[in-house]
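Ligands are counted one by one from 1 in listed order, and the atoms in each one are counted from 1 as well. Quick note: residue numbers are just sequence positions, from 1.
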Amino acid sequence: MRVLVTGASGYIGSQTCLELLKAGFEVVGFDNLSNSSEVSITRVRELSGKPLRFEKLDLLDKAGLNRLLKEGFDAVIHFAGLKAVGESVEKPELYRKNNVEGTANLIAAMKEAGCRRLIFSSSCTVYGEVKKSPVDESHPRSAVNPYGGTKLAVEDMCFALARAEQGWHIALLRYFNPVGADASGRIGEDPRGTPNNLMPYVMQTAVGRHAAVRVWGSDYPTPDGTGVRDYIHVVDLALGHLAALNKIDDFAGAEAVNLGAGRGYSVLEVIAAASKAAGKKIPYEICPRRPGDSAAIWADPALAKKKLGWATRRGLEEMCADHWRWQRANPDGYGA
Ligand code: NAD
Ligand code: UD1
């Protein structure tokens, strides 16, 4: 199977390219490098020992997309997009154009080239404010910020397309909280600027880039009072894409599937596990709640098990050990 991967040099894209190559797929990747480094692609080639063609290309370049898609692909895995929630509040139009219009361009090029198998990176953010977990795919959707709005809009675009035209097979994969890195420590998450997400901030604190982790709230109705999330190892997440690819023809039109572990960990549990992995006590301070945060959210992963035959295998200890190995070996990410 010949697969096109958009956002190939990014955090989840590079890990998925590696797993695809290891499994024997032929992979072509592209990215505009707005939030990633081509060094990740070089490392994926080294780790897999396989060729990986990579192009610098933007989703907004319609002619470029048409040219590339015409080469002929069996399926497209679409990771490319902007993902910073705070930035999306400041620049909603940039997010709409890049994520929604960019995906419309990709779909138009796929149509033109006769490729109708698509796997899209959606997010649990489409569930909006969640009152009760686990959350299954039938939970009502809403956008709590412009980034979330782009995920809803792309999901809706895919649902409408599949209703209007026969022959599409579209998997909308709703990721929970991806963390960790490849066990080699050679590829991993390299956030630009100060990370908003918990795990990269915790790991950067462990290497001395921040004085302490700020714990956003300890008065939630959770066992230790801190926020609970469904963390998923990025290797498990990448393997979820392979499972979806292998079952893509079972997707009749567009269907959404949660990719999560089905259990939650609190902020304090994450800091404790990361401290164990790093072999040092990672300092933290309790701060007020972050506006817009839910107390707790974790996935009902039953559909992924049933439809894809996939479930996570790596727990919090492995997520922290692997993330730490990457962070310690690459304290400044790919820029080092
Ligand atoms: P990432 O930023 O590391 O990867 C996304 C890649 O897309 C980057 O390499 C970026 O340069 C590229 N890109 C952005 N706009 C582009 C454009 N117009 N043309 C070409 N390339 C473009 O992020 P990631 O964590 O690997 O996320 C991958 C996908 O998964 C995103 O769509 C994201 O919204 C989604 N997602 C991520 C998370 C998470 O926590 N990491 C959670 C849920 C969903
Ligand atoms: C965030 C995004 C969400 C995105 C998801 C995965 C927001 C509001 N939501 O969700 O859209 O899909 O990432 O990328 O940004 N925490 C701290 N201190 C920190 C950072 C986080 O205590 O420095 C806490 C949070 O309050 C939360 C947990 O850690 O309880 C996880 O936070 P984070 O990694 O930002 O993920 P989400 O809030 O789930």
Are Val144 and Tyr147 in one and the same hydrophobic cluster, where Ile, Leu, Val, Met, Phe, Trp and Tyr link if side-chain heavy atoms are under 4.5 Å apart?
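Each belongs to a different hydrophobic cluster.
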
**Prompt:** Does some non-hydrogen atom of Tyr127 fall short of 4.0 Å from ligand 2?
**Reply:** no

Any salt bridge between Arg313 and Glu318, counting N to O under 4.0 Å?
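Not counted as a salt bridge, because no side-chain N and carboxylate O are separated by less than 4.0 Å.
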
> How about Arg43 and Asn330: does a side-chain donor come under 3.5 Å of a side-chain acceptor?
Replying inline: yes

Original post:
Between Tyr127 and Arg174, does any side-chain donor sit less than 3.5 Å from a side-chain acceptor?
Top reply: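 Yes - a donor-acceptor pair under 3.5 Å links their side chains.
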
Applying a heavy-atom cut-off of 4.0 Å, say which part of [X] lies close to ligand 2: side chain, backbone, both or neither.
X: Leu198; result: both
X: Tyr231; result: side chain
X: Asn197; result: both

Judging by distance only, is a nitrogen or oxygen of [X] under 3.5 angstrom from one on ligand 2?
X: Arg214; result: yes
X: Arg229; result: yes
X: Asp293; result: yes

Ring centres under 6.0 angstrom apart (Tyr284, Trp216): no

Qualifying ring pair (Phe, Tyr, Trp, His ring centres under 6.0 Å) pairs with a residue from residues 62-88, counting only residues at least two apart or across chains: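 Qualifying pairs: His78-Phe120, Phe79-His241.
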
Self-check item: Close side-chain approach of His210 and Thr194, heavy atoms under 4.5 Å
Solution: yes

Find all protein N or O atoms under 3.5 angstrom from an N or O atom of ligand 1 and list the pairs with distances, or write 'none'.
{"unit_1": "ligand 1", "atom_1": "2 (O)", "unit_2": "Asn35", "atom_2": "ND2", "d": "2.7"}
{"unit_1": "ligand 1", "atom_1": "3 (O)", "unit_2": "Tyr11", "atom_2": "N", "d": "2.8"}
{"unit_1": "ligand 1", "atom_1": "7 (O)", "unit_2": "Gly81", "atom_2": "N", "d": "3.3"}
{"unit_1": "ligand 1", "atom_1": "9 (O)", "unit_2": "Asp31", "atom_2": "OD1", "d": "3.2"}
{"unit_1": "ligand 1", "atom_1": "9 (O)", "unit_2": "Asp31", "atom_2": "OD2", "d": "2.6"}
{"unit_1": "ligand 1", "atom_1": "9 (O)", "unit_2": "Ser36", "atom_2": "OG", "d": "2.7"}
{"unit_1": "ligand 1", "atom_1": "11 (O)", "unit_2": "Asp31", "atom_2": "OD1", "d": "2.6"}
{"unit_1": "ligand 1", "atom_1": "11 (O)", "unit_2": "Asn32", "atom_2": "OD1", "d": "3.4"}
{"unit_1": "ligand 1", "atom_1": "11 (O)", "unit_2": "Ser34", "atom_2": "N", "d": "3.1"}
{"unit_1": "ligand 1", "atom_1": "11 (O)", "unit_2": "Ser34", "atom_2": "OG", "d": "3.3"}
{"unit_1": "ligand 1", "atom_1": "11 (O)", "unit_2": "Asn35", "atom_2": "N", "d": "2.9"}
{"unit_1": "ligand 1", "atom_1": "13 (N)", "unit_2": "Asn32", "atom_2": "OD1", "d": "3.4"}
{"unit_1": "ligand 1", "atom_1": "15 (N)", "unit_2": "Asn98", "atom_2": "ND2", "d": "3.0"}
{"unit_1": "ligand 1", "atom_1": "18 (N)", "unit_2": "Asp58", "atom_2": "OD1", "d": "3.1"}
{"unit_1": "ligand 1", "atom_1": "18 (N)", "unit_2": "Asn98", "atom_2": "OD1", "d": "2.8"}
{"unit_1": "ligand 1", "atom_1": "19 (N)", "unit_2": "Leu59", "atom_2": "N", "d": "3.0"}
{"unit_1": "ligand 1", "atom_1": "21 (N)", "unit_2": "Asn32", "atom_2": "N", "d": "3.1"}
{"unit_1": "ligand 1", "atom_1": "21 (N)", "unit_2": "Asn32", "atom_2": "OD1", "d": "3.3"}
{"unit_1": "ligand 1", "atom_1": "23 (O)", "unit_2": "Lys83", "atom_2": "NZ", "d": "3.4"}
{"unit_1": "ligand 1", "atom_1": "25 (O)", "unit_2": "Lys83", "atom_2": "NZ", "d": "2.8"}
{"unit_1": "ligand 1", "atom_1": "26 (O)", "unit_2": "Tyr11", "atom_2": "N", "d": "3.3"}
{"unit_1": "ligand 1", "atom_1": "26 (O)", "unit_2": "Ile12", "atom_2": "N", "d": "2.8"}
{"unit_1": "ligand 1", "atom_1": "32 (O)", "unit_2": "Phe79", "atom_2": "O", "d": "2.9"}
{"unit_1": "ligand 1", "atom_1": "32 (O)", "unit_2": "Lys151", "atom_2": "NZ", "d": "3.0"}
{"unit_1": "ligand 1", "atom_1": "34 (O)", "unit_2": "Tyr147", "atom_2": "OH", "d": "2.7"}
{"unit_1": "ligand 1", "atom_1": "34 (O)", "unit_2": "Lys151", "atom_2": "NZ", "d": "3.0"}

heavy-atom search around atom 10 (O) of ligand 2 in the protein gives Asn177 ND2, 4.3 Å

Q | Tyr175 vs Ser121, side-chain hydrogen bond (donor to acceptor under 3.5 Å, both in side chains): CA-CA, chis, key distance, verdict | A | CA-CA 7 Å; Tyr175 314 158; Ser121 305; 2.7 Å; yes

